Amino acid sequence: MKQLQVVWEVRDGVILAGGKSVLDLYREHDDRPLYVYDLDKISDRISQLRSVLADSAKLHYAVKANPHPEVVAHMATLVDGLDVASAGELEIAVATQIPPEEISFAGPGKTDRELERAIGAGIVVNVESENELRRLASIADVIGTRPRVAIRINPDFELKSSGMRMSGGPKPFGIDAERAVEAIGELRRLALDFQGLHIFCGSQNLRADAICEAQSKSMDLALATCEAAGVTPRFVNVGGGLGIPYFPGDEPVDLEPVGDNLAGLKSRLRSAHPGSDVVVELGRFLVGEAGLYVCRVVDRKVSRGQTYLITNGGLHHHLALSGNFGQIIRKNYPVVIGNRMNEPESERVNIVGPLCTPLDILGDKVSLPRAEPGDLVVVKQSGAYGFTASPHLFLSHPAPVEIIV
Ligand SMILES: *Cc1c(COP(=O)(O)O)cnc(C)c1O
């Protein structure tokens, strides 16, 4: 078994981030809730993952998980490639030292302007529909260049037990598997530069067996498609999907079987296409555990027997924490009182934000030490899909501050 876990240090009862107390960090930022990203924790995570993957797969970072430019710049020193999903993320990615052929642009609904920018930057466009393929070709024709293109396939299977399913059945993502060979034929007639295939089945999965099964089926599909189309891919991107433990009872993914499986996939790919690489693309697994969200208790009240801690943070800053970012049943993130880490749990409380909606929940009946106004609520597992995945403008409170330690 190889399961990775992140530990945040504590000194004198206060959580430390990058050796600094979260109380001090909070005081330095004008009473505004914080996102804190710890770059050393990202480095550790990647070196531990690399020790399992060895050289079986190239590691790409999915920028949308945390597009903070300093996080992405740090990532770029550690991973082999970056995956972007908009022209905004593209600009962040091309500002790093990652070479353009290792930057890919996936996502439905790319505008002509975005395609033009992608072609100009020389990155790989992961085409999501036949129409997008044709638009790309006609834009390239005007510019007079030959863009790098990969075909994203919507397979006829899914990643089982995933937080979010992104494949199987009708989907806005990718070209249906049964039309992929034809699409590659069209790509070649249009004289575009075929780079490889991209198959992404889902995200937030903690089960190694489900991840291995989806990655193996993705490789089967990619090899069969390339053979039928008579093309040699430079890479096959088999997706990722590795999740992190958010909720009570969640266990980290066992990486050993995932690493072993990828080694097998690489040797299958190489025997059909020497020189071709397996790529995995991960977002939250690389950054999610390296981030904290910190807010302050503003008020404490009892309503008909239940205690409420009311904070200056909430769903407008951290939508996923409130259970409104794709979760079906709301469960509690790991929440602590960041300046009372040495005190025993002594009460069950509801932690809520300042928004006038019952959806603004940070913690539902969580056992904590007694907290008072001024204490800090610290939410772990907040490094991915936090700041940029939240509706900051709702209720016109100040946005949180992002800091790097
Ligand atoms: C969002 C996304 C990812 C990253 O998902 P994580 O759950 O953060 O690992 C990877 N690839 C594609 C195509 C995505 O849309």
Side-chain angles (χ1 to χ4, degrees), residues 4 37 42 45-46 49 53 57-68 71-72 75 79-86 88-90 92-93 102-110 118 123-129 132 150-155 158-168 171-175 196-208 210-211 214-215 218 222 235-246 250 252-253 255 258 262 278-291 319-320 325-327 381-389:
L4 306 184
Y37 311 128
I42 294 174
R45 169 56 54 107
I46 292 174
L49 178 62
L53 296 182
K58 284 191 168 176
L59 182 60
H60 281 209
Y61 173 55
V63 170
K64 77 172 186 289
N66 187 327
H68 190 291
V71 170
V72 178
M75 251 337 152
V79 298
D80 305 303
L82 298 171
D83 295 325
V84 303
S86 70
E89 290 184 1
L90 183 160
I92 296 169
E102 299 300 330
I103 299 175
S104 57
F105 184 0
K110 298 178 199 75
I123 67 172
V124 180
V125 178
N126 292 3
V127 161
E128 306 262 352
S129 76
E132 189 172 88
I151 300 279
R152 179 168 181 182
I153 302 181
N154 172 30
E158 58 182 30
L159 175 51
K160 290 176 191 150
S161 358
S162 256
M164 274 190 213
R165 292 186 194 156
M166 309 268 291
S167 72
K171 285 282 179 294
F173 314 112
I175 292 174
L197 296 173
H198 175 215
I199 301 167
F200 180 77
C201 296
S203 131
Q204 182 47 27
N205 202 299
L206 296 172
R207 279 182 42 197
I211 293 167
Q215 293 186 336
S218 298
F235 64 80
V236 172
N237 181 335
V238 294
L242 278 72
I244 60 172
Y246 286 105
D250 281 358
V253 185
L255 294 177
V258 177
L262 285 168
V278 179
V279 175
V280 291
E281 51 179 10
L282 298 173
R284 81 180 79 223
F285 188 78
L286 306 183
V287 286
E289 296 184 68
L319 189 64
F325 189 65
Q327 298 96 321
Q381 313 297 74
S382 295
Y385 305 108
F387 184 88
T388 57

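Keep in mind that the numbers below use all heavy atoms, side chains included, and drop hydrogens, waters and symmetry copies. Note that the structure is a prediction, hence the values are computed from the model and not measured. We count ligands from 1, going down the list as the structure has it; atoms in each ligand are counted the same way.
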Protein N/O near ligand 1 N/O, under 3.5 Å, which pairs?
{"from": "ligand 1", "atom 1": "5 (O)", "to": "Y385", "atom 2": "OH", "distance (Å)": "3.4"}
{"from": "ligand 1", "atom 1": "7 (O)", "to": "S203", "atom 2": "OG", "distance (Å)": "2.9"}
{"from": "ligand 1", "atom 1": "7 (O)", "to": "R284", "atom 2": "NE", "distance (Å)": "3.2"}
{"from": "ligand 1", "atom 1": "8 (O)", "to": "R284", "atom 2": "N", "distance (Å)": "2.8"}
{"from": "ligand 1", "atom 1": "8 (O)", "to": "Y385", "atom 2": "OH", "distance (Å)": "2.6"}
{"from": "ligand 1", "atom 1": "9 (O)", "to": "G283", "atom 2": "N", "distance (Å)": "2.9"}
{"from": "ligand 1", "atom 1": "11 (N)", "to": "E281", "atom 2": "OE2", "distance (Å)": "2.8"}
{"from": "ligand 1", "atom 1": "15 (O)", "to": "K64", "atom 2": "NZ", "distance (Å)": "2.7"}

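F235 does not carry K58 over the face of its six-membered ring by the limits of under 6.0 Å from the centre and within 45° of the normal.
To the nearest 0.5 Å, atom CZ of residue F325 and atom OH of residue Y385 are 7.0 Å apart. The CG atom of L82 sits 9.0 Å away from the CE atom of M75 when rounded to the nearest 0.5 Å.
Pairing each heavy atom of V127 with each of E132, the nearest pair is CA-OE1, 3.3 Å. For V236 against A222, the heavy-atom pair with the smallest separation is CG1-CB, 3.6 Å.
The salt bridge (Lys or Arg N to Asp or Glu O under 4.0 Å) search around R284 returns none, not counting sequence neighbours.
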